[in-house]
Number of protein chains: 2
Amino acid sequence: MALPPAVELRRRNRAALLQQLHRHGPQTRAALTEALGLNRSTIGALATELAESGHIEETTGQSTGSAGRPSTLVACVPQSITVAAVEIRADRLRFALVGLGGEVLERSETALDEGADPMTAVSVITGGTAAASAEAVAAVPGLVDEGTVAHSTELGWIDRDAAADLEAATGREWQVVDTATAAAVGEWTRGDARDSRKLLYLHGGRGLTAGLVIEGRAQRGGSIQLGHIVVEPGGRECACGLRGCLEAEMEAFGFGEDFETTTLAAGMGDAAARDRLRRFGEDLGWALGAVVTATGPDEILFGGWLRELYLSTAAPVRSALAETTLPHLRSKLRLRTPVLGDEGALIGAAETGFAALFDQMR
Amino acid sequence: MALPPAVELRRRNRAALLQQLHRHGPQTRAALTEALGLNRSTIGALATELAESGHIEETTGQSTGSAGRPSTLVACVPQSITVAAVEIRADRLRFALVGLGGEVLERSETALDEGADPMTAVSVITGGTAAASAEAVAAVPGLVDEGTVAHSTELGWIDRDAAADLEAATGREWQVVDTATAAAVGEWTRGDARDSRKLLYLHGGRGLTAGLVIEGRAQRGGSIQLGHIVVEPGGRECACGLRGCLEAEMEAFGFGEDFETTTLAAGMGDAAARDRLRRFGEDLGWALGAVVTATGPDEILFGGWLRELYLSTAAPVRSALAETTLPHLRSKLRLRTPVLGDEGALIGAAETGFAALFDQMR
DNA sequence: GAGGTTTGTTGTTGTCTGCAACATATGATG
DNA sequence: CATCATATGTTGCAGACAACAACAAACCTC
């Protein structure tokens with residue numbers, strides 16, 4: 001180690017300070033002292049150092065109304081560290097450049113031609129920003145395992161080394177996460193699920209995926225192929241080679257990405273359509289039962305088009321869940337819909353990048 | 001903080017050194033220097049300190065046969081830190097006192113009367129050792145969530161605060177883990193599964209439970225009720241209130257704790273018995289498929305009486321698994337039996353205690 | 001305006017780890 | 001068997017760090 005001895009400790013504290021500001025927004029120095037458990041003088045030293053390096057800005061003279069010398073307010077400078085996030089779908093590509101503190105600095109979107117490979121479009125949409133950002137993260141709908149997409153119904157990828165392809169296209173390293181996990185991280189960090197210890201996010205696109213996040217952190221292997229839980233043993237043949245997958249049933253029922261327009265608007269008055277909804281809701285509940293028993297989450301969010309499905313057809317989902325999970329697992333389980341809407345995956349991808357950054361820093 | 005500044009760093013290094021010795025056995029100082037990435041002088045300072053406090057012993061003059069001054073061998077003193085581990089079953093209680101380094105210092109076992117509460121027996125079997133040990137951990141077959149046993153088929157407990165009851169019986173704090181998770185930790189730490197990143201241990205007792213361990217660490221909520229995955233929708237009523245649970249099928253087939261003697265020895269020549277085996281193997285495979293899809297392990301160990309089941313009837317389990325999981329999840333998945341046999345849970349419980357200790361120390 | 005209160009600043013102190021030089025103990029070489 | 005090369009423990013020193021205490025600054029209340 002060429003580094004001086006206790007520099008490590010300093011780095012840890014610096015990272016902790018930045019992370020605190022990133023997560024909880026602008027704060028006074030006194031609040032930071034409290035939150036990090038460090039001495040005033042230590043916070044002072046770190047603050048001046050980070051102010052000189054341009055990562056934070058201090059504004060003084062904020063009278064709080066209470067007694068005592070007013071504390072200086074510390075805020076992080078978004079431009080000082082940026083993370084590039086991309087959400088890949090079959091039909092479109094979304095991009096956001098997110099700054100320290102969580103502010104979205106740039107944002108754009110492109111439609112993709114059916115069947116076109118998104119990788120080339122990624123380098124176009126990110127432009128030079130990807131190279132300039134500290135981290136780059138791509139959210140992909142499918143089963144992701146350390147940079148490779150093992151299976152994606154939506155994109156038709158099987159064992160594709162997406163990280164390598166992204167690096168080839170843009171000239172920089174990429175982290176790859178699945179859309180559901182990214183969205184879970186997003187909802188936990190910037191959404192309404194901060195108090196969830198074990199959060200399961202269900203993402204409905206052309207396929208059905210799920211992501212499990214423990215205490216806000218993505219787990220290796222937290223990417224779950226909800227769509228390929230078998231709900232009808234010996235049932236319909238699925239494109240994946242299995243039989244009776246939830247996704248096969250979904251297709252048979254005619255549900256998918258355009259759920260809202262096709263199904264809800266068109267057929268809610270129709271008894272046959274309601275029956276299809278109920279039956280698919282049950283199938284979803286059955287698959288969910290197995291996942292809940294196996295992973296024990298305390299909160300489930302219905303994202304993508306599953307959001308509309310759940311809002312219109314919660315009862316069969318709940319009752320199927322009740323028939324397949326133990327009371328204890330159900331009692332602490334909340335079922336909800338995400339608050340970040342369609343943005344969750346993009347925001348969560350960026351937050352995954354920031355989490356990796358803070359981990360590296362310490 | 002009343003403590004001097006960099007004492008924290010010192011503590012971390014001390015804990016790391018002890019953990020290294022605990023996990024990888026006696027080593028030379030040079031090896032420790034390499035493993036911990038610290039300077040020779042730092043290792044020296046820590047070693048003399050730990051030798052004075054009685055945690056390690058240094059033996060010098062071990063000529064290795066290679067050139068250079070022979071390094072002093074460092075070994076931890078088992079008696080200096082001990083962990084009490086108890087495995088609770090319906091019919092018996094096992095106890096082990098494990099010392100630093102993993103050596104079993106004491107060991108005993110008692111039969112329990114049917115229906116008797118094990119808690120009183122715990123204080124008898126541990127004697128004074130529980131109070132004297134640094135940690136005390138109890139392994140319980142069932143769904144464990146932070147000290148409370150939410151559901152245990154074997155013991156008939158529902159939402160029992162086992163940690164509190166153990167504390168009342170013995171006058172000290174206890175950690176509670178489920179038997180399967182403990183066994184998984186044991187197999188990962190002292191068994192043959194050290195290279196598994198995500199290890200799923202299946203435990204067959206009177207009930208069926210499973211435990212998931214990531215990189216050797218038990219996860220909160222890693223306790224899985226394998227027996228209450230529903231494999232026959234609308235099937236037999238289970239004691240838990242659900243219908244078609246794997247455990248209900250198991251009972252119907254007449255399998256259980258005494259699997260080996262009753263089923264294998266008696267009926268392997270019998271076609272009906274073989275058929276029952278095959279059908280239960282299939283059911284197990286189905287349940288397992290859902291768990292594998294939801295958690296994505298790279299190794300599955302069949303423990304308890306599932307060991308014998310798997311050794312005699314692997315084919316239907318494997319084929320059912322093949323029908324319910326994606327190729328990618330299966331390709332990296334090894335199915336095996338544990339090497340620690342019946343001792344896994346006890347050893348793993350102790351290791352869980354040591355892990356908690358090392359975490360506390362830093 | 002005086003006193004109390006909270007917070008930033010500065011100088012000091014104790015502890016820590018890495019580094020380099022030295023001491024020590026072995027094997028290899030002739 | 002003496003010498004050299006090699007690997008390792010030991011010691012003194014320097015750089016760095018965070019806590020602490022005393023002080024200064026800025027606010028509120030009376």
Side-chain angles (χ1 to χ4, degrees), chain A residues 1-18 20-21 26-53 56-75 361-362, chain B residues 1-18 20-21 26-53 56-75 361-362:
Chain A
M1 296 249 163
L3 282 174
V7 162
E8 191 191 330
L9 196 47
R10 175 67 150 232
R11 277 209 337 228
R12 294 182 67 87
N13 289 337
R14 193 162 38 214
L17 200 159
L18 279 182
Q20 174 74 14
L21 288 174
Q27 293 163 69
T28 64
R29 277 203 197 179
L32 289 171
T33 307
E34 171 84 8
L36 302 187
L38 296 172
N39 195 281
R40 285 203 298 251
S41 50
T42 310
I43 295 292
L46 287 172
T48 51
E49 183 190 318
L50 285 168
E52 277 171 18
S53 66
I56 63 171
E57 267 177 350
E58 296 193 296
T59 52
T60 177
Q62 283 282 348
S63 155
T64 54
S66 63
R69 176 176 175 173
S71 187
T72 54
L73 195 69
V74 185
M361 286 174 73
R362 57 181 59 175
Chain B
M1 297 247 161
L3 281 174
V7 163
E8 187 192 333
L9 195 47
R10 174 67 149 236
R11 278 209 338 227
R12 293 181 68 86
N13 289 337
R14 193 166 33 214
L17 201 159
L18 279 183
Q20 174 75 15
L21 288 174
Q27 293 163 68
T28 64
R29 277 204 196 177
L32 289 171
T33 308
E34 172 84 8
L36 302 188
L38 296 172
N39 194 280
R40 284 203 298 252
S41 49
T42 309
I43 296 291
L46 288 172
T48 51
E49 183 190 318
L50 284 168
E52 278 172 17
S53 67
I56 64 171
E57 268 177 348
E58 296 194 296
T59 52
T60 177
Q62 283 283 344
S63 154
T64 56
S66 63
R69 172 176 178 174
S71 187
T72 52
L73 194 69
V74 185
M361 287 175 74
R362 58 180 58 176

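Here is how names work: the chains are called A, B, and so on, in the same order as the sequence lines, proteins then strands, and each is numbered from 1. In this text the structure is predicted, and so the values were computed from the model without any measurement.
- Applying the 6.0 Å contact sphere to CD of Glu57(B) captures no more than 12 heavy atoms from other residues, nucleotides or ligands.
- Regarding Leu46(A), its CG atom lies at a distance of 13 Å from the P atom of dG8(C), rounded to whole Å.
- Dashed line: the shortest gap from a side-chain N or O of Arg10(A) to OP1 or OP2 of dA18(D) is under 4.0 Å.
- Contact between the side-chain N/O atoms of Asn13(A) and the OP1/OP2 oxygens of dA18(D) is found at a separation under 4.0 Å.
- For the atom pair OG1 (Thr42(B)) and CZ (Arg14(B)), the distance works out to 13.0 Å, reported to the nearest 0.5 Å.
- If you measure from atom CG of Leu38(B) to atom P of dT10(D), you get 16 Å, rounded to the nearest angstrom.
- When side chains are defined from C-beta on, Val74(B) does not count as touching Gln27(B), because their heavy atoms never get closer than 4.5 Å.
- As judged by a 4.0 angstrom heavy-atom cut-off over every strand, Ile43(A) is placed among residues making no nucleic acid contact.
- Protein atom CG of Leu9(B) is 20 Å distant from nucleotide atom P of dG14(C), rounded to whole Å.
- Here dT10(D) presents its C1' atom at 17 Å from CD of Glu49(B), a figure rounded to the nearest Å.
- Nearest nucleotide to the Arg69(A) side chain, out of dC27(D), dA25(D), dA19(D): dA25(D).
- With sequence neighbours excluded, the residues forming a side-chain contact (heavy atoms from CB on, under 4.5 Å) with Ala15(A) are Met361(A), Arg362(A), listed by chain and number.
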All N/O pairs under 3.5 Å across the protein-nucleotides 28-30 of chain D interface:
from	atom 1	to	atom 2	distance (Å)
dC28(D)	OP1	Ser63(A)	OG	3.4

Distance-only donor-acceptor hits, side chain of residues 31-40 of chain A, under 3.5 Å, sequence neighbours excluded:
from	atom 1	to	atom 2	distance (Å)
Thr33(A)	OG1	Arg29(A)	O	2.9
Asn39(A)	OD1	Ser41(A)	N	2.9
Asn39(A)	OD1	Ser41(A)	OG	2.8

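- Taking atom CG of residue Leu36(A) and atom C1' of nucleotide dC17(D), one finds them 16 Å apart after rounding to whole Å.
- Per the geometry, CG belonging to Leu32(B) stands 13 Å off C1' belonging to dT8(D), to the nearest Å.
- Pairing each heavy atom of Thr28(A) with each of Ser71(A), the nearest pair is CB-OG, 3.4 Å.
- Nearest-nucleotide assignment on DNA chain D puts the 5′-proximal partner with Arg40(B), out of Ala45(A) and Arg40(B).
- Between the CD atom of Glu58(A) and the C1' atom of dT7(C) there is a distance of 13 Å, rounded to whole Å.
- Across dG8(C), dA23(C), dC19(C), the shortest atom-to-atom separation from the side chain of Asn39(B) is found for dC19(C).
- Look at Arg29(B) and you'll find a side-chain N or O under 4.0 angstrom from OP1 or OP2 of dT10(D).
- What separates CZ of Arg11(B) from C1' of dT17(C) is a distance of 17 Å, to the nearest Å.
- Other residues, nucleotides and ligands place more than 12 heavy atoms under 6.0 Å from the CD atom of Glu58(A).
- Of the side-chain N and O atoms in Ser41(A), none sit less than 4.0 angstrom from OP1 or OP2 of dT9(C).
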